[in-house]
Undergrad: 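Questions regarding the structure given below will be posed in turn.
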Amino acid sequence: MAKLTILQFPDPRLRTIAGPVDAVDDIVRQLVDDMLETMYDARGIGLAATQVNQPLRLLVMDLSEERNQPQVLINPEIVERDGRQTCEEGCLSVPGEYAEVERAERIRVAALDRDGQRREIEAEGLMAVCIQHEIDHLDGKVFVDYLSPLKRRMIEKRIKKARAQQREPQRASV
């Protein structure tokens, strides 16, 4: 397994619309394993393939406290939505930033699993939020797209400032 690089907002590659996975083979399963390792290492609960610069309709998630219940959704499609909920969201591609986003409270999703078997999942609460958030990534959206232009610009400015500070050479003190 290998840790992958997570693209950071406002990287334009995060706007890539993912294409379908044609066949669930060993290459796709290796990508799944690498994405899970990357997600766990970054302490996230979900990761979309587009976030690691792979333009495929594939996402992984694990909402368990023990981090031992990984789920894989390949070519996910929301087939039913119901209700509304507002939840504070964060994102591995927008580190350190959180905002309230409104989403469906309950969803039903059709997808292939790690073995290429079709299944449907009914999700509500945090799981519904996570799936919708990751599918947004597959559609070229980031959670900040739901915010006002002013809030989005403020977040972008803070991220750019933080990156610039990371690149500055450290001065030795005497």
Undergrad: How many angstroms lie between atom NZ of Lys141 and atom CG of Asp136, to the nearest 0.5 angstrom?
TA: 5.0 Å
Undergrad: Are the side chains of Asp113 and Ile74 in touch, meaning some heavy atoms are under 4.5 Å apart?
TA: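 No, side chains not in contact.
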Undergrad: Would you say Glu134's side chain and Gln132's backbone share a donor-acceptor pair under 3.5 angstrom?
TA: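 Flag not set: sc Glu134 to bb Gln132 has no pair under 3.5 Å.
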Undergrad: Got Val109 and Val79 here, is their nearest side-chain heavy-atom distance under 4.5 Å?
TA: no
Undergrad: Output a table of donor-acceptor pairs, distance under 3.5 Å, between side-chain atoms of residues 45-59 and any protein atom two or more places apart or on a different chain; print 'none' if there are none.
TA:
unit_1, atom_1, unit_2, atom_2, d
Thr50, OG1, His137, O, 3.1
Gln51, OE1, Ala48, N, 2.9
Gln51, NE2, Ser93, OG, 3.0
Arg57, NH1, Leu138, O, 3.3
Arg57, NH1, Asp139, OD1, 3.0
Arg57, NH2, Asp139, OD1, 3.2

Undergrad: Under the side chain to side chain donor-acceptor pair (under 3.5 Å) rule, collect the residues that match up with Lys3, sequence neighbours excluded.
TA: Asp41
Undergrad: Can you see which heavy atom on Ala128 is nearest to which on Gln85, and at what distance?
TA: CB-NE2, 4.1 Å
Undergrad: Answer yes if Val101 and Val144 sit in the same cluster of Ile, Leu, Val, Met, Phe, Trp and Tyr residues linked by side chain heavy atoms under 4.5 Å apart, and no otherwise.
TA: yes
Undergrad: Using the test side chain to side chain donor-acceptor pair (under 3.5 Å), find all partners of Glu156 that sit at least two apart in sequence or belong to another chain.
TA: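 Residues passing side chain to side chain donor-acceptor pair (under 3.5 Å) with Glu156: Lys160.
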Undergrad: With sequence neighbours left out, which residue pairs that include part of residues 61-79 fulfil the salt bridge (Lys or Arg N to Asp or Glu O under 4.0 Å) condition?
TA: none
Undergrad: Does Met39 belong to the same Ile/Leu/Val/Met/Phe/Trp/Tyr cluster as Met127, with side-chain heavy atoms less than 4.5 Å apart forming each link?
TA: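 Per the 4.5 Å side-chain linkage, Met39 and Met127 are not co-clustered.
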Undergrad: Can you tell me how far apart CZ (Phe9) and CZ (Arg152) are? Round to the nearest 0.5 Å.
TA: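 One gets 7.0 Å once the value is rounded to the nearest 0.5 Å.
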Undergrad: So do the side chains of Gln71 and Val60 get within less than 4.5 Å of each other, counting heavy atoms only?
TA: no
Undergrad: Testing the basics here: between Gly90 and His133, what is the closest heavy-atom pair and its distance to 0.1 Å?
TA: O-CE1, 3.3 Å
Undergrad: For Pro12, which residues count as a side-chain contact (heavy atoms from CB on, under 4.5 Å) partner, sequence neighbours excluded?
TA: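 By the side-chain contact (heavy atoms from CB on, under 4.5 Å) rule, Pro12 matches no residue at all.
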Undergrad: Is there a path from Ile78 to Met61 through hydrophobic residues (I, L, V, M, F, W, Y) whose side chains come within less than 4.5 Å of each other?
TA: yes
Undergrad: With sequence neighbours excluded, what pairs up with Ala99 under the side-chain contact (heavy atoms from CB on, under 4.5 Å) test?
TA: Phe143, Leu147
Undergrad: Connecting only ILVMFWY residues whose side-chain heavy atoms lie within less than 4.5 Å of each other, what is the rest of Met154's hydrophobic cluster?
TA: Leu150
Undergrad: List the atom pairs, with distances to 0.1 Å, where a side-chain N or O of residues 15-27 and a protein N or O form a donor-acceptor pair under 3.5 Å, not counting sequence neighbours.
TA:
unit_1, atom_1, unit_2, atom_2, d
Arg15, NH1, Gly140, O, 3.3
Arg15, NH1, Asp145, OD1, 3.2
Arg15, NH1, Asp145, OD2, 2.5
Arg15, NH2, Asp145, OD1, 2.9
Thr16, OG1, Arg13, O, 2.8
Asp25, OD1, Ile27, N, 3.2
Asp25, OD1, Val28, N, 3.0
Asp26, OD1, Arg29, NH2, 3.2

Undergrad: As a quick check of understanding, evaluate side chain to side chain contact (heavy atoms under 4.5 Å, CB included) for Leu63 and Cys130, giving each step before the final call.
TA: CA-CA 9 Å; Leu63 306 178; Cys130 184; 4.3 Å; yes
Undergrad: Under 4.5 Å between side-chain heavy atoms, hopping through other hydrophobics if needed: is there a path connecting Leu7 to Val32?
TA: no
Undergrad: side-chain contact (heavy atoms from CB on, under 4.5 Å) with Thr86: which residues, sequence neighbours excluded?
TA: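 If we apply the side-chain contact (heavy atoms from CB on, under 4.5 Å) test to Thr86, skipping adjacent residues, the hits are Glu100, Glu102.
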Undergrad: Closer than 3.5 angstrom, by distance alone: can the side chain of Asp34 be matched with the main-chain N or O of Ala2 as a donor-acceptor pair?
TA: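 Judged by distance alone, yes, a pair lies under 3.5 Å.
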Undergrad: How long is the straight-line distance from CG of Leu73 back to CG of Leu112, given to the nearest 0.5 Å?
TA: 9.5 Å
Undergrad: CG of Asp33 to OG1 of Thr38: how many Å apart, nearest 0.5 Å?
TA: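 That separation rounds to 10.5 Å.
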Undergrad: Would you say that more than 12 heavy atoms from the other residues, nucleotides or ligands in this model lie under 6.0 Å from the CZ of Arg43, or not?
TA: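 Counting neighbours around CZ of Arg43, 12 or fewer heavy atoms of other residues, nucleotides or ligands fall under 6.0 Å, so no.
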Undergrad: Mind checking side-chain contact (heavy atoms from CB on, under 4.5 Å) for Tyr98 and listing every partner two or more places apart, or none if nothing turns up?
TA: Glu88
Undergrad: Can you find a heavy atom in the side chain of Glu89 that is under 4.5 Å from one in the side chain of Arg103?
TA: yes
Undergrad: In this structure, would Val129 and Tyr146 fall into the same cluster of hydrophobic residues linked by side-chain contacts under 4.5 Å?
TA: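 Cluster IDs for Val129 and Tyr146 differ.
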Undergrad: Would you indicate whether the side-chain heavy atoms of Ile159 and Arg163 approach each other to under 4.5 Å?
TA: yes
Undergrad: Asn75: what forms a side chain to side chain donor-acceptor pair (under 3.5 Å) with it, not counting sequence neighbours?
TA: none
Undergrad: Show your working on side chain to side chain contact (heavy atoms under 4.5 Å, CB included) between Glu97 and Arg158 and close with a plain yes or no.
TA: CA-CA 9 Å; Glu97 299 291 339; Arg158 283 195 298 264; 2.7 Å; yes
Undergrad: Could you tabulate the donor-acceptor pairs under 3.5 Å formed by side-chain atoms of residues 115-126, not counting sequence neighbours?
TA:
unit_1, atom_1, unit_2, atom_2, d
Arg119, NH2, Val72, O, 3.4
Glu120, OE1, Arg108, NH1, 2.5

